[in-house]
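What follows is a short report on a single structure.
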Amino acid sequence: MSSTELPTIPGYAKRYSSWDEISAVATIGRQTMAPIPGYRLLKAATQIEASAAARLLLVHLIGYLGPDKADNPEARFVVFPGNTRLADELRCSSRSIQRQADELEAKGMIRRCYNGLNRRIGFDLTPFAMQHEAVIGGIVAIQTKRKQDRELAQLELSLQKDRIARPVFDTYVIPG
């Protein structure tokens, strides 16, 4: 352990001595990313494998994001709402917010940032932003498979031998 690194007490979050140290891990990912439109993040947030309440929290956190600044990667994808504010806005308890954040953090969608006093100061959405394309790609694949299954079922229904065949007209005559 270096002289600048603070000790980690069992049962507590990792302690950081400065904001630079807090944001150092996520900054690497932010620098490699192009600006992402908010609607793409919102679409992906509604499709992740998590509880409905956790998805709602993630969508709400995305709403706190400011304009994406590719030239300042330290300011990208970090939001600073408190649990009490989130609980008031989502109409649930602060403890529910903590559980939902635990779920999102366990699934690798967010990272909570703490100061030296073990107080959460922000949510880092960089992990989610880095994998939003994979989430959307997975959903598109599922939707494509469902569409193919529907078309196949419809084709099988239309090819049944006991069905009455519809007449096919070469030209369409407009009555009147």
For residues 42-64, which residue pairs qualify under side chain to side chain donor-acceptor pair (under 3.5 Å), counting only residues two or more places apart or in two chains? Ser51-Glu103, His60-Glu89, Tyr64-Glu89
What residue pairs, at least two apart or across chains, pass ring pair (Phe, Tyr, Trp, His ring centres under 6.0 Å) with a residue in residues 86-108? none
Return the set of residues passing side-chain hydrogen bond (donor to acceptor under 3.5 Å, both in side chains) with Ser93 (not counting sequence neighbours), or none when no residue passes. Ser96
Tell me, please, which residues at least two apart from Gln131 pass side-chain hydrogen bond (donor to acceptor under 3.5 Å, both in side chains). none
Determine, for Glu105 against Arg111, whether the closest basic-nitrogen to carboxylate-oxygen distance falls under 4.0 angstrom. no
Kindly work out whether a path of hydrophobic side-chain contacts (I/L/V/M/F/W/Y, heavy atoms less than 4.5 Å apart) joins Leu58 to Leu90. yes
Would you give the length of the straight line joining atom CG of Leu86 to atom CD of Gln98, rounded to the nearest 0.5 angstrom? 11.0 Å
Heavy atoms only: give me the nearest Phe123-Ala101 pair and the separation to one decimal. CE2-CB, 3.9 Å
With sequence neighbours left out, the residues meeting side-chain contact (heavy atoms from CB on, under 4.5 Å) with Ala87 are Ser94, Ile97
So which heavy atom on Ala53 is nearest to which on Gln100, and how close? CB-NE2, 3.3 Å
Tell me whether Lys107 is salt-bridged to Asp102, with the criterion being a basic N under 4.0 Å from an acidic carboxylate O. no
Closest heavy-atom pair, Ala54 versus Leu104, reported as atoms and distance to 0.1 Å, is O-CD1, 3.5 Å
Grab the two heavy atoms, one from Leu41 and one from Ile62, that are nearest each other, plus how far apart they are. O-CD1, 3.6 Å
At what distance, to the nearest 0.5 angstrom, does CG of Asp124 lie from CG of Leu61? 11.0 Å
Minimal non-hydrogen separation, Ala45 against Phe128, with atom names: N-CZ, 3.4 Å
Ile110 versus Thr126: any side-chain heavy-atom pair under 4.5 Å? no
Going by atom type alone, with no hydrogens or angles, which donor-acceptor pairs under 3.5 Å involve a side-chain atom of residues 137-147 and a protein atom two or more places apart or on another chain?
residue: Thr144; atom: OG1; partner: Val140; partner atom: O; Å: 2.8
residue: Lys145; atom: NZ; partner: Asp149; partner atom: OD2; Å: 3.2

Under the criterion side-chain contact (heavy atoms from CB on, under 4.5 Å), I'd like the reasoning laid out for Leu65 against Val78: C-alpha separation, chi angles, the key distance, then a yes or no. CA-CA 7 Å; Leu65 285 174; Val78 179; over 6 Å; no
Starting from Leu125, can I reach Ile136 by hopping between I/L/V/M/F/W/Y residues whose side chains sit under 4.5 Å apart? no
